[in-house]
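First the structure, in the form of structure tokens, and then the observations on it.
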Amino acid sequence: MSECVMEEEERAESVVSSCVSLKTDRSKGHPLNFGIRPQGSPLNYQKRSASIGDSSCPKGEKKRRTELQTADLNNSVSQGGELQEVIEGHKMSLKRRCEHVTEGTHEAGSGTLLNKIYTELYITEGQSEEVDTQHEVRQLERTSKKNIQDTPIKCQDIFKVLSEQQRHIRVVLTNGVAGVGKTFSVQKFSLDWAEGLENQDISLVLPLSCRELNLIRDEQHSLLSLLHVFHPTLQKIRAEDLTVWKLLFIFDGLDESRFSLGFNKHQLISDVTQVSSVDVLLVNLIQGNLLPSALIWITSRPAAAHQIPPSCVDRITEVRGFTDSQKEEYFRRRFSDEDLSKRIISHIKASRSLHIMCLIPVFCWITAIVLEDMMTRDQRGELPKTLTDLYSHFLRVQIKRKKQKYGGKQRPEELTEADKELLLKLGRLAFEHLEKGNIMFYSEDLERCGLDVSEVSVYSGVCTEIFKRESVIFQKSVYCFVHLSIQEFLAAVYMFHLYTRKDTAVISQFLKYSEPIRFSGFAGLYTNNDPATSLDDFLRRALIKSLESENGHLDLFVRFLHGLSLESNQRILGGLLDQRNSHSETIQKVLNNLKEENSDEFSPDRSINIFHCLMEMKDQSVHQEIQEFLKSGKISKRELSEIHCSALAYLLQMSEEVLDELNLQQYKTSEEGRRRLIPAVRNCRKFVLAGSFLSTSHWEVVASAMTSNPSHLLELDLSKKQNLTDAKVKLLSSAMMHPNCRLETLRLRDCNLSEISCDSLASALRSNPSHLRELDLSWNQLKDSGVKLLCGFLQDPNCRLETLSSFRRGGHTGTTYS
């Protein structure tokens, strides 16, 4: 059987692919119990429903429901044996789907028992309403800094009320970056239910993958027919059964859906037999119009989670992947050779990029494959320290495995022309859909890139570990890359290949040149009259395009592009890229561009990626200079360039130690350099920006520091901000309203505040008054109306303000409160 394309019958059981971890079986060891009327049987639930009812319903409605449930109970008792047989069949089917997992490959019989290798992922509860659209590598960096003291939640407990303050939990939204373990958590929850171990008060657990729902997005269905289609074992279930059972609908992968959810304007549906589109059915389920007692669990990457209005969600959880101890446990359990696991763990700890990425289970798997191969053979090269290095080796390992398995006259590392063609077609697919934000693909997507199912099958020895068929339903296939970062890497390989082949049309379209690029040679061979054709100019324009992105969705792609410019990485890929002599002069131009790039018009968060590109090109000079700078403690003497400031902002932000004070005026650098330091505000207690000009994007970084989890910022000094507009004060005030804000001191001396700004501040202080102790508004020409607005919140019993200063030129109105 093909490794990449499984048989229809086997895939119909939907063996869920997930990179899993590590630990000994945590399950209780209870025998399977499919006897008559288990705790969670529909008959038992009907009895409880008939006696308890729904406390949120009006009395008349409760009475009507009870009468209907009692009548249905009498009918169901006579059919109890048949219904219980359906439940048992569904549990057996779900068990077959979930009990095996695979790491990256779909070879027949390669699955491992989930309960044999299962460990708890780190899942926390949070009610943040922020929409985190930053690139997921950036989100991982922030996740690694989040409060480790947050109370973790087991995936089996996400519908359980954990405190007296919480109300009944009906809708749960679980966030997490790609590959962090969301689907894995769904799989474990479903398996424990199917085996009778957990959540037996639920009558039916009904997983529905959004990637598969996409296949019928243009069709019309009722909720009942939808269940019959996706869960054939439930064909005998009737409409009246759904209304009285306790159901859990799991919509896994909202970010993968290709339909929009219109919560403001849609068809109202309350009958499970009423026909409509999939998106309308989902909206009515989530809002409670359809089966109001049903539980709903939605998983999504953070950028897509905002599709669900906060008012519809009772609990938000976040899957954060592996803790540091779980990372180590993964490698110890994967390798029986203790010395090998220790060497791998030590190498990962030595590389900040690799260590952060290993928060993701699937990245641990990629790293393990590469380092095991390199450490167990006679390898003479240096172990990979950059992401480009690692992913180039990963692709090389897959090429070698294919050759060893299927034979061939070439050396194991060499690619045939057919292999190259296939991988570049996959690269085209990766690139075109990276631009669109798609991570799931269908047959028509493959065909547009010159791929077809048979072609993918023939060369599956290469594609198995990087590109897979996720499921088969309705005689249609759903495909994806093993992880988003692999899609980004292959997209960069494809783009770099186009550059070496001088494909002006695609490159011009990507970089949005006003005229097609004119090529006259390759890197380092260009005159000053034709700069657009040089390697350094190509990479610079790609960098600028990524900086222009608000969410940084091209950040990792551009890092890979820079890494691929090195001849050492081109060599690792075994001929996939046409190797050219990247002259040292050209590479030095690229490095100089990165070090001298003016990014003043972009967010300081975006500018940090310039430093990462430098690291992908294995230039450690800036990093080493900043490390020496930090050790010296002489922050006011050494002059710092802009790239130094980006590196410093990153290192301060990622430091385990929270900085007591960050005062931008103490650093000997340009105004742009000071602005590039602003992201470090997220890891300091006091931040002083007196006199610096800030754009809206800079203010957004400060606001995010005030609302982050956890927020360390206690004192903020924004004095002498002549450009402190009403819009910026409003942004600041909104951050002060956030429940995560812990700000105790706010200084706005000489900021030319208007009455509108005073109103915004007053609203913020009334909304979240418990933390602020000192507010300094000296040297603002406040009118009496502005002062009155600001003083209004002093009446609030939760007000903790001790000092309010409002000095004016020629007099003052300063008051101290105790």
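Here, residue 1 is the first one in the sequence, and each next residue gets the next number.
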Do NZ/NE/NH1/NH2 and the carboxylate oxygens of [X] and [Y] come within less than 4.0 Å?
{"X": "K188", "Y": "D192", "result": "yes"}
{"X": "K425", "Y": "D445", "result": "no"}
{"X": "R448", "Y": "E444", "result": "no"}
{"X": "D157", "Y": "K160", "result": "yes"}
{"X": "E256", "Y": "R211", "result": "yes"}

Q.
Nearest 0.5 angstrom please: K327 NZ to C364 SG, how far?
A.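 Answer rounded to 0.5 Å: 7.5 Å.
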Q: Please assess R258 against D279 for the test salt bridge (Lys or Arg N to Asp or Glu O under 4.0 Å), listing each intermediate value before the final yes or no.
A: CA-CA 10 Å; R258 294 193 179 183; D279 58 315; over 6 Å; no
Q.
I'd like to know whether L490 forms a side-chain contact (heavy atoms from CB on, under 4.5 Å) with R428, so could you lay out the CA-CA distance, the side-chain angles of the two residues, the decisive distance to 0.1 Å, and finally the verdict.
A. CA-CA 8 Å; L490 283 177; R428 177 184 169 187; over 6 Å; no
Q: Tell me, with the steps shown, if L387 and F363 meet side-chain contact (heavy atoms from CB on, under 4.5 Å).
A: CA-CA 11 Å; L387 295 182; F363 189 82; 3.8 Å; yes
(Q) Quick one, S733 with K730, criterion side-chain contact (heavy atoms from CB on, under 4.5 Å). Give me CA distance, side-chain angles, the key distance, then yes/no. (A) CA-CA 5 Å; S733 301; K730 186 174 182 179; 5.5 Å; no
Q | Evaluation steps, side-chain contact (heavy atoms from CB on, under 4.5 Å), between F263 and I308 | A | CA-CA 8 Å; F263 281 86; I308 311 298; 4.0 Å; yes
Could you tell me if the side chain of [Y] sits less than 4.5 Å from the side chain of [X], heavy atoms only?
{"X": "S270", "Y": "N284", "result": "no"}
{"X": "I366", "Y": "I486", "result": "yes"}
{"X": "V319", "Y": "V177", "result": "no"}
{"X": "C312", "Y": "Q287", "result": "yes"}

Q: List the steps, then state whether side chain to side chain donor-acceptor pair (under 3.5 Å) holds for S599 with S607.
A: CA-CA 6 Å; S599 63; S607 300; 2.7 Å; yes
Q.
Apply side chain to side chain donor-acceptor pair (under 3.5 Å) to residues D252 and T299 and explain how you reach the verdict.
A. CA-CA 5 Å; D252 188 29; T299 71; 2.4 Å; yes
Q) Looking at W193, F249, F189, which hits ring pair (Phe, Tyr, Trp, His ring centres under 6.0 Å) with W297? A)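 Between W297 and the candidates, ring pair (Phe, Tyr, Trp, His ring centres under 6.0 Å) is satisfied uniquely by F189.
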For the backbone of [Y] and the side chain of [X], can you confirm whether one donor and one acceptor N or O come within less than 3.5 Å of each other?
{"X": "H562", "Y": "V558", "value": "yes"}
{"X": "H90", "Y": "V205", "value": "yes"}
{"X": "R217", "Y": "N214", "value": "yes"}
{"X": "D255", "Y": "S300", "value": "no"}
{"X": "E432", "Y": "G427", "value": "no"}
{"X": "S225", "Y": "H221", "value": "no"}

Q.
Taking the six-membered ring for Trp, are F441 and H433 closer than 6.0 Å centroid to centroid?
A.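 That pair passes the under 6.0 Å test.
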Does the plane of the ring in [X] sit parallel, tilted or perpendicular to the ring in [Y]? Use 30° and 60° as the thresholds.
{"X": "F560", "Y": "F489", "value": "perpendicular"}
{"X": "F611", "Y": "Y650", "value": "tilted"}
{"X": "F557", "Y": "F431", "value": "tilted"}

Q: Run through V180, L254, I439 and flag the one making a side-chain contact (heavy atoms from CB on, under 4.5 Å) with R301.
A: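 By the side-chain contact (heavy atoms from CB on, under 4.5 Å) criterion, R301 pairs with just one of V180, L254, I439: I439.
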Q. Checking side chain to side chain donor-acceptor pair (under 3.5 Å) for the pair H698/E700: CA distance, chi angles, key distance, verdict?
A. CA-CA 5 Å; H698 299 110; E700 288 171 348; over 6 Å; no
Q: Applying side chain to side chain donor-acceptor pair (under 3.5 Å), run through T388 and E616 and close with a yes or a no.
A: CA-CA 7 Å; T388 311; E616 286 300 318; 2.6 Å; yes
